[in-house]
There are 2 protein chains.
Amino acid sequence: MDSIDLRLIDLLRDNARSSYAELARKVGLSAPAVHERVGKLEAAGTIRGYRAEVDHEALGLGVTALIGIIEDSGADTDDVLTAVRAMPEVESCYFMAGVESYQLTVRVGTIAELEQLIVRINRTPGVASTRTAIALSTKWENRPQPGVG
Amino acid sequence: MDSIDLRLIDLLRDNARSSYAELARKVGLSAPAVHERVGKLEAAGTIRGYRAEVDHEALGLGVTALIGIIEDSGADTDDVLTAVRAMPEVESCYFMAGVESYQLTVRVGTIAELEQLIVRINRTPGVASTRTAIALSTKWENRPQPGVG
DNA sequence: TCATCACCATGGACTCCATCGACCTTCGGC
DNA sequence: GCCGAAGGTCGATGGAGTCCATGGTGATGA
């Protein structure tokens with residue numbers, strides 16, 4: 001994990017479809033060398049995968065919301081987690097410090113669908129209550145942190 | 001935008017480095033046809049880009065937090081936004097409905113750095129107060145929603 | 001200080017892919 | 001029924017991906 005690895009990571013976070021030859025030119029190595037380095041970063045889990053970023057509105061998922069979950073005292077946390085994991089609308093899920101055990105990022109097409117999702121989460125065993133905040137607009141998302149990160 | 005486009009999007013969200021030939025095999029078209037479809041999806045903005053996903057802990061950014069910003073009454077929203085945009089630690093930024101105008105996802109290396117970041121945000125003109133919640137663990141992030149999205 | 005070992009980059013070779021042009025099919029409108 | 005547009009397949013070619021053998025370099029230990 002040296003500075004060349006970091007540059008490769010930066011380049012791949014900027015454009016994951018760059019060819020190895022292009023990466024090699026940019027970092028000043030040969031293509032096989034880059035190939036091996038990237039392979040090792042993948043094997044080590046430093047690079048987890050490659051994702052296309054989409055325009056959610058264009059795909060009919062124009063409503064983004066953040067939902068905090070407060071658990072029942074004595075609830076089995078794994079049950080809540082399993083139930084939430086089964087909901088495809090939940091894009092991200094963090095286990096939090098504080099009153100709200102989980103913080104979710106969800107994406108749905110309409111406010112009506114959001115309502116149904118909230119109802120479903122509230123009905124989940126172990127969930128005491130939820131708090132929902134709706135994103136009116138997304139300024140930016142998943143912006144890579146250059147240099148290190 | 002037909003079902004083949006949606007499948008291509010799903011495949012690219014799963015692995016953005018798939019070759020056109022591989023995508024072609026999976027959707028039952030020729031490679032040039034897939035090439036043209038993907039190019040159109042990119043040109044239309046439906047596909048915004050391709051990003052490598054990294055293990056943030058491995059890169060020394062093990063602390064994730066969510067920060068809500070309450071603005072001063074009468075503050076210029078653009079000033080706050082510009083200031084926050086200049087902070088590389090801020091990975092995502094949503095403009096929200098509710099008391100907290102902005103919701104940020106931030107990533108730093110240590111709690112000390114988080115403290116400094118919060119101080120910096122609080123000192124930003126237009127910011128009345130902030131509310132920070134720390135993620136103890138990330139259950140999942142940026143999970144693609146299959147089928148549509 | 002020198003020998004040894006392990007690791008990594010290089011360069012070549014071979015296979016496969018990206019991509020362009022030409023032609024074909026299908027569908028809508030006239 | 002004909003024509004044009006859109007979008008598909010096919011074929012060719014230039015370049016990329018990837019494997020392998022070789023050589024150089026830095027660290028370790030005697």
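Note: hydrogens, waters and symmetry copies are ignored here, and every other heavy atom, side chains too, is used. A note on names: the letters A, B, ... follow the listed sequences, proteins ahead of strands, and every chain is numbered from 1.
A:Leu23 and A:Leu41 end up in the same hydrophobic cluster when Ile, Leu, Val, Met, Phe, Trp and Tyr side chains are linked at under 4.5 Å.
The side chain of B:Lys40 contributes an N or O atom lying less than 4.0 Å from OP1 or OP2 of D:dG7. The phosphate of C:dA9 has neither OP1 nor OP2 within less than 4.0 Å of any side-chain N or O from A:Ser30.
Distances were taken from every side-chain heavy atom of B:Ala31 (C-beta onward) to each of D:dT18, D:dA16, C:dT19; the shortest belongs to C:dT19. Comparing C:dG11, D:dA16, C:dA9 by their closest approach to the side chain of A:Leu29 singles out C:dA9. The listed nucleotides are C:dC17, D:dT9, C:dG11; the one nearest the side chain of A:Pro32 is C:dG11. Distances were taken from every side-chain heavy atom of A:Tyr20 (C-beta onward) to each of C:dT10, D:dG17, D:dG7; the shortest belongs to D:dG17. Taking only side-chain atoms of A:His35, from C-beta outward, the nucleotide of C:dC8, D:dT18, C:dT19 with the closest atom is D:dT18. Minimum atom distance to the side chain of B:Ala33 is reached by D:dG8, of the listed D:dG8, C:dT10, C:dT19.
Going from atom CG of B:Leu23 over to atom C1' of D:dG8 covers 17 Å, rounded to whole Å. Here C:dG21 presents its C1' atom at 13 Å from CD of B:Glu36, a figure rounded to the nearest Å. The distance between atom CD1 of A:Ile4 and atom P of C:dC7, rounded to the nearest whole Å, is 18 Å. Rounded to an integer number of Å, the gap from B:Glu22 CD to D:dG17 P is 14 Å.
Annotation: A:Glu22, atom CD; neighbour count of heavy atoms from other residues, nucleotides and ligands within 6.0 Å is above 12.
For B:Thr130 and B:Asn122, the side-chain atoms include at least one donor-acceptor pair closer than 3.5 Å.
Comment: B:Arg143 does not engage A:Glu89 in a salt bridge, judged by the lack of any side-chain N to carboxylate O separation of less than 4.0 angstrom.
Residue-level contact check: A:Arg37 touches the backbone only, with heavy atoms under 4.0 Å from sugar-phosphate atoms and none from bases. Heavy atoms of A:Ser19 sit under 4.0 angstrom from primed sugar atoms or phosphate atoms, though from no base atom.
In this structure, B:Tyr102 has its ring center no closer than 6.0 Å to that of B:Tyr94.
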